[in-house]
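A short write-up of the structure that comes next.
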Amino acid sequence: MIRESKISLKKISQDQVKVLNNACGAYKDFLELLCNTENKSQNHIHHSINREYGYMLLAKITKRNIPINNTITIDVHTAYIASDGLRYYISISENEYEKNAARQLLDELFQELPYTKDIKHFSLKSEA
């Protein structure tokens, strides 16, 4: 089933937004490494989407009037990149609190993403 609407994560705390931002930043570094070593178009596409997603998260974090609960609304392609970033962050993070927060956010994202045959794999390595 194709999902044409945007994906919303609702009632996200400011701490959770920071976890999303940390995951995005860590994944950005990983994608930059891939762009510089593998230099595949898929790496550059993912890096570009992740960078735009990072700008959106930064805007949420640096907002003057910070709401108690945030809603993050993203396109499906960005949600796949966000899920990759969360998975990557879970694998490298040593902070148990942030790992658990990332797992919870990843579960929320999976509930919204279209179920695909390769959902358990990074979209970066998805087969065409």
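The first residue in the sequence is number 1, and the count goes up from there.
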Does any N or O in the side chain of [X] come within less than 3.5 Å of the main-chain N or O of [Y], such that one atom is a donor and the other an acceptor?
X	Y	answer
Ser93	Ile90	no
Ser91	Tyr88	yes
Asn21	Val17	no
Asn43	Leu31	no

Distance-minimising heavy-atom pair for [X] and [Y]:
X	Y	value
Ser8	Thr73	OG-OG1, 3.1 Å
Asn50	Cys24	ND2-O, 3.1 Å
Ile61	Gln14	CA-NE2, 3.5 Å
Pro114	Tyr80	O-OH, 3.2 Å
Leu106	Arg87	CD2-CG, 3.6 Å
Met56	Ile74	CE-CG2, 3.5 Å

Is the closest side-chain heavy-atom distance between Ile12 and Glu108 below 4.5 Å?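 Yes, at least one pair of side-chain atoms sits under 4.5 Å.
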Between [atom1] of [X] and [atom2] of [Y], what distance do you get to the nearest 0.5 Å?
X	Y	atom1	atom2	answer
Leu34	Tyr27	CG	OH	7.5 Å
Leu105	Leu20	CG	CG	4.5 Å
Glu32	His44	CD	NE2	10.5 Å
Gln16	Asn69	CD	CG	8.5 Å

Start with the C-alpha distance between Glu112 and Leu109, add both sets of side-chain angles, then the distance that settles side chain to side chain contact (heavy atoms under 4.5 Å, CB included), and finish with yes or no. CA-CA 5 Å; Glu112 299 295 324; Leu109 260 180; 5.5 Å; no
Could you tell me which residues satisfy side chain to side chain contact (heavy atoms under 4.5 Å, CB included) with Tyr97, sequence neighbours excluded, listed by chain and number? Asp15, Asn95
Which pairs with one or both residues in residues 54-63 pass salt bridge (Lys or Arg N to Asp or Glu O under 4.0 Å), sequence neighbours excluded?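 As it turns out, there is no salt bridge (Lys or Arg N to Asp or Glu O under 4.0 Å) pair with a partner in residues 54-63 once direct neighbours are skipped.
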Who pairs with Tyr89 by side chain to side chain donor-acceptor pair (under 3.5 Å), at least two apart in sequence or on another chain?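 Residues passing side chain to side chain donor-acceptor pair (under 3.5 Å) with Tyr89: Glu98.
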Is there a path of hydrophobic side-chain contacts, each under 4.5 Å between heavy atoms, that joins Leu58 and Ile72? no
Treat each ILVMFWY residue as a node, draw an edge where side-chain heavy atoms are under 4.5 Å apart, and state whether Ile81 and Leu33 are in one component.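 Per the 4.5 Å side-chain linkage, Ile81 and Leu33 are not co-clustered.
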